[in-house]
Amino acid sequence: MVSLRADISPWTSDIGDLKQKNLYRHMPNISGIPGRIINVNGREALNFSSNNYLGLAGHPKIIEATVRSVREFGAGSTASRLIAGNTEIHRELERFIAEWKGVEATVLFGSGYQANVGVISGLMGPDDLIVSDELNHASIIDGCRLAKSRVIVYPHSDLNRVEDALRLSGFRRKLVVTESVFSMDGDRAPLQEMDSLCRKWGASLMVDEAHASGVLGPHGQGLASEMGVIPEIQMGTLGKAAGTSGAYVAGSKSLIELIVNRARSLIYTTAAPPGTIGAALEALKIVTSPEGDERRSRLARNNEMFNSLLYQELSIDTLPSHIVPVMIGDSGRTMSISAACIGGGIFAHGIRFPTVPEGTARLRFTLMSDHTHTDLKKAVNILKTAFENSRNDPKFTASAIDHAQVST
């Protein structure tokens, strides 16, 4: 048996520094099938920290489809898509997504992170220009870095700065990339105006629909579809509203062909297992069905009600979105309030730097179609109590973080 060395590594001082700055993270222990009620570190709580917007992760039909796919196709794909992992069920899901999105072709990735990193770095190079929103997801930022292109980061949704960047000449290709619904703020990108600017200046538009796929647009097609925009590159995930796992990129046949030949995060990784693919296919069948429409309607009503309750009880004015940031600012206070919320039976993540800019720490409430009005009222009441305690009790500090273990 190999003996373990004592932990005297050079990393321990970095860990101490993170703790001092209230930026240390734990992985919470989750058990059971995820839904509106979740078990966190042995404690039952209402779940306001999941991207399971339509409540599909525990849907019986999706679970059955997972088991059925494993029995028919096996436990693993055994190879990358370009070797022996391109199975019929993968191709069936890609055909379904292409028809749903109204495009010529699609290709699957193991995650949204893999999709963004692979597509941006595979399509763009040193002779190209990438114009990226300052609040874009880390996967977009990393894709831009790997592409080694000229990257101009514009102030959030600032169309004037986008056009200033696109005026620049001397580049082989220009790409504007943005999330449609921003993951930490819940607001929407001005896609119609961005599409017009791209057409005017000969640029391509890439839209990350991770938090809009399944939630917005006809049959859950996304924000671009709702706005009548057809971006050259559309990315969406299957691990959020669809409740399963993976991601897709949709566009023209030539785009997908190039991605298959260039995206290293696709070429050099084992294909997603059949059970995951079968689950995603069944999930999208529900998303695009009347049941999906009904779930989206319930979610929209919950968005409006939660927005109204926050304003009535706490004078917090937010967008009626399924992603609701409750801004706090200080990281320590944010994590203390998060710990107090879970103590009251509400699981709401504390989000800090580097996920969001320094000084903008927040609780990120994410709503589900399955939340009841009683759930929403309880969440706001617990949050109100936590805010009051944090103002009135000098001992209400970040000391509870290590114990609570609910951070992101």
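Counting begins at 1 with the first residue of the sequence. These numbers come from the heavy atoms of this one structure, side chains and all, not from hydrogens, waters or symmetry mates.
Remark: Asp370 engages Arg295, Arg298 in a salt bridge (Lys or Arg N to Asp or Glu O under 4.0 Å) (not counting sequence neighbours). Evaluation of the side chain to side chain donor-acceptor pair (under 3.5 Å) rule for Asn302 yields no partner, not counting sequence neighbours. Residues that satisfy the salt bridge (Lys or Arg N to Asp or Glu O under 4.0 Å) test with Arg301, not counting sequence neighbours, are absent from this structure. Annotation: side chain to side chain donor-acceptor pair (under 3.5 Å) contacts of Ser308 (sequence neighbours excluded): Gln312. Residues meeting the salt bridge (Lys or Arg N to Asp or Glu O under 4.0 Å) test with Glu134, sequence neighbours left out: none. In terms of the salt bridge (Lys or Arg N to Asp or Glu O under 4.0 Å) criterion, residue partners of Arg296 (sequence neighbours excluded) are, by chain and number, Asp293. Among residues two or more places apart in sequence or in another chain, the side chain to side chain contact (heavy atoms under 4.5 Å, CB included) test is passed with Arg68 by Glu64, Ala65, Glu282. Every side chain to side chain donor-acceptor pair (under 3.5 Å) that Ser225 has, sequence neighbours left out, goes to Gln221. With sequence neighbours left out, Thr372 forms a side chain to side chain contact (heavy atoms under 4.5 Å, CB included) with Arg36, Thr374, Asp375.
Between Glu163 and Lys200 a salt bridge is recorded (basic side-chain N to carboxylate O distance below 4.0 Å). Remark: Glu232 does not engage Arg199 in a salt bridge, criterion side-chain N to carboxylate O under 4.0 Å. Ion pairing between Lys61 and Glu291 fails under the 4.0 Å rule for side-chain N and carboxylate O.
In this structure, the side chains of Glu313 and Lys377 stay at 4.5 Å or more apart for every pair of heavy atoms. Side-chain contact between Leu376 and Val380 is absent, with no heavy atoms from C-beta onward closer than 4.5 Å. Counting only heavy atoms from C-beta outward, the side chains of Glu226 and Arg188 approach each other to under 4.5 Å. Annotation: side chain of Val326 is in contact with side chain of Leu383 (closest heavy-atom distance under 4.5 Å).
Using modelled atom types, one finds a donor on one side chain and an acceptor on the other under 3.5 Å when comparing Asn51 with Tyr53. Side chains of Tyr113 and Asp142: a donor on one and an acceptor on the other come within 3.5 Å.
For CD1 of Ile267, the number of neighbouring non-hydrogen atoms (other residues, nucleotides, ligands) closer than 6.0 Å is greater than 12. Summarising the local packing, NE2 of His156 is surrounded by more than 12 heavy atoms from other residues, nucleotides or ligands at distances under 6.0 Å.
Rounding to the nearest 0.5 Å gives a distance of 12.5 Å between CZ of Arg264 and OG1 of Thr269.
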Between side-chain atoms of residues 115-131 and protein atoms elsewhere (two or more places apart, or another chain), which donor-acceptor pairs fall under 3.5 Å?
residue : atom : partner : partner atom : Å
Asn116  : ND2  : Ser139  : OG           : 3.0
Asn116  : ND2  : Asp208  : OD2          : 2.9
Ser121  : OG   : Val117  : O            : 2.6
Asp128  : OD1  : Arg172  : NE           : 3.0
Asp128  : OD1  : Arg173  : N            : 3.0
Asp128  : OD2  : Gly125  : N            : 2.7
Asp128  : OD2  : Arg172  : NH2          : 2.6

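Using the six-membered ring where Trp is involved, His349 and Phe347 have ring planes that are tilted, between 30° and 60° apart.
Within the structure, side chain to side chain donor-acceptor pair (under 3.5 Å) pairs that include any residue of residues 102-112 do not occur (at least two apart or interchain). Sorted by first then second residue, the side chain to side chain donor-acceptor pair (under 3.5 Å) pairs that include residues 246-257, not counting sequence neighbours, are Ser213-Tyr248, Ser252-Ser254.
Proximity of a side-chain donor or acceptor of His371 to a complementary backbone N or O of Asn47 within less than 3.5 Å is detected.
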